[in-house]
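Inspection log for the structure reproduced underneath, given as structure tokens.
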Amino acid sequence: MTEGIKTIIYPVKDLASAKALFSELLGVEPSMDEPYYVGFRAAGQDIGLDPHGHSKGMTGPVAYWHVDDIKSSAKALLDAGAQELEGPKDVGGGKLTAMVKDPDGNVIGLIQPA
């Protein structure tokens, strides 16, 4: 079951510049600021900046669907014709993420909150 899209992650090449731009755009400072990820919480959304996103297959911003069971959700998408880009993995604190690509090349993200 999905709770909808609550997280959008942008692949970035220059994390410092992207952080400055999104801080200005969103009017808030990052809620998480690490060399591998910068995250913001604004207007009920989680917005992330991933300096390794391009190497993971992200070609632009990826919307992440919040799901109850990431393994079964990912399997259902694969069974329906998606291609796995990144299998379910713990990204810290028990939060799990995964990415698949649909037959048209669109990247779909999944998050299972901790």
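Nearest heavy atoms, Pro51 versus Leu49: CD-O, 3.6 Å. Of all non-hydrogen atoms in Arg41 and Ser31, the two that sit nearest each other are N-OG, 3.9 Å. Taking every heavy atom of both residues into account, Pro30 and Ser23 meet most closely at CD-OG, 4.0 Å. Gly87 and Ala98 make their closest contact through C-CB, 4.0 Å (heavy atoms, listed as atom of the first residue, atom of the second, distance). Of all non-hydrogen atoms in Leu85 and Gly57, the two that sit nearest each other are CD1-O, 4.4 Å.
Residues Thr2 and His66 have side chains that never bring a donor and an acceptor to within less than 3.5 angstrom of each other.
Other residues, nucleotides and ligands contribute more than 12 heavy atoms inside 6.0 Å of the NZ atom of Lys56.
In this structure, Met99 and Glu84 have side chains that are not in contact, with every pair of non-hydrogen atoms separated by 4.5 Å or more. In this structure, the side chains of Gln45 and Ile8 come closer than 4.5 Å at one or more pairs of heavy atoms. When side chains are defined from C-beta on, Tyr64 does not count as touching Ile5, because their heavy atoms never get closer than 4.5 Å. Side-chain contact between Val107 and Val100 is absent, with no heavy-atom pair separated by less than 4.5 Å. In this structure, the side chains of Leu110 and Leu77 come closer than 4.5 Å at one or more pairs of heavy atoms. Proximity of Pro11 to His54: side-chain heavy atoms (C-beta onward) are separated by under 4.5 Å at one or more points.
When hydrophobic clusters are built by joining Ile, Leu, Val, Met, Phe, Trp and Tyr residues whose side-chain heavy atoms come closer than 4.5 Å, directly or via intermediates, Met32 is not grouped with Val28. Under the 4.5 Å side-chain heavy-atom criterion for ILVMFWY residues, no single connected hydrophobic cluster contains both Tyr10 and Tyr36. Under a hydrophobic-cluster definition in which Ile, Leu, Val, Met, Phe, Trp and Tyr are linked whenever side-chain heavy atoms come within less than 4.5 Å, directly or via other members, Tyr37 and Phe40 are assigned to different clusters.
Although no hydrogens or angles enter the test, the distance criterion places no donor-acceptor pair under 3.5 Å between the side chain of Gln112 and the main chain of Val67. In terms of modelled atom types and a separation under 3.5 Å, the side chain of Ser55 and the main chain of His52 share a donor-acceptor contact.
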Determine, step by step, whether Ile108 and Asp102 satisfy the side chain to side chain contact (heavy atoms under 4.5 Å, CB included) criterion, reporting the C-alpha distance in whole Å, the side-chain angles of both residues, the deciding distance to 0.1 Å, and the verdict.
CA-CA 7 Å; Ile108 299 169; Asp102 74 13; 4.2 Å; yes
Going through the checks in order, is the side chain to side chain contact (heavy atoms under 4.5 Å, CB included) test met by Asp46 and Ile111?
CA-CA 12 Å; Asp46 289 321; Ile111 286 183; over 6 Å; no
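Atom-to-atom distance recorded for Ile70:CD1 and Asp68:CG is 11.0 Å, nearest 0.5 angstrom. Separating the OG atom in Ser73 from the CG atom in Leu96 is a distance of 11.0 Å, to the nearest 0.5 Å. Atom CD1 of residue Ile9 and atom CG of residue Asp50 lie 6.5 Å apart, to the nearest 0.5 angstrom.
Residues that satisfy the salt bridge (charged side-chain N to carboxylate O under 4.0 Å, His left out) test with Asp79, not counting sequence neighbours, are Lys75.
Taking 4.0 Å as the cut-off between side-chain N and carboxylate O, Asp33 and Lys19 count as a salt-bridged pair.
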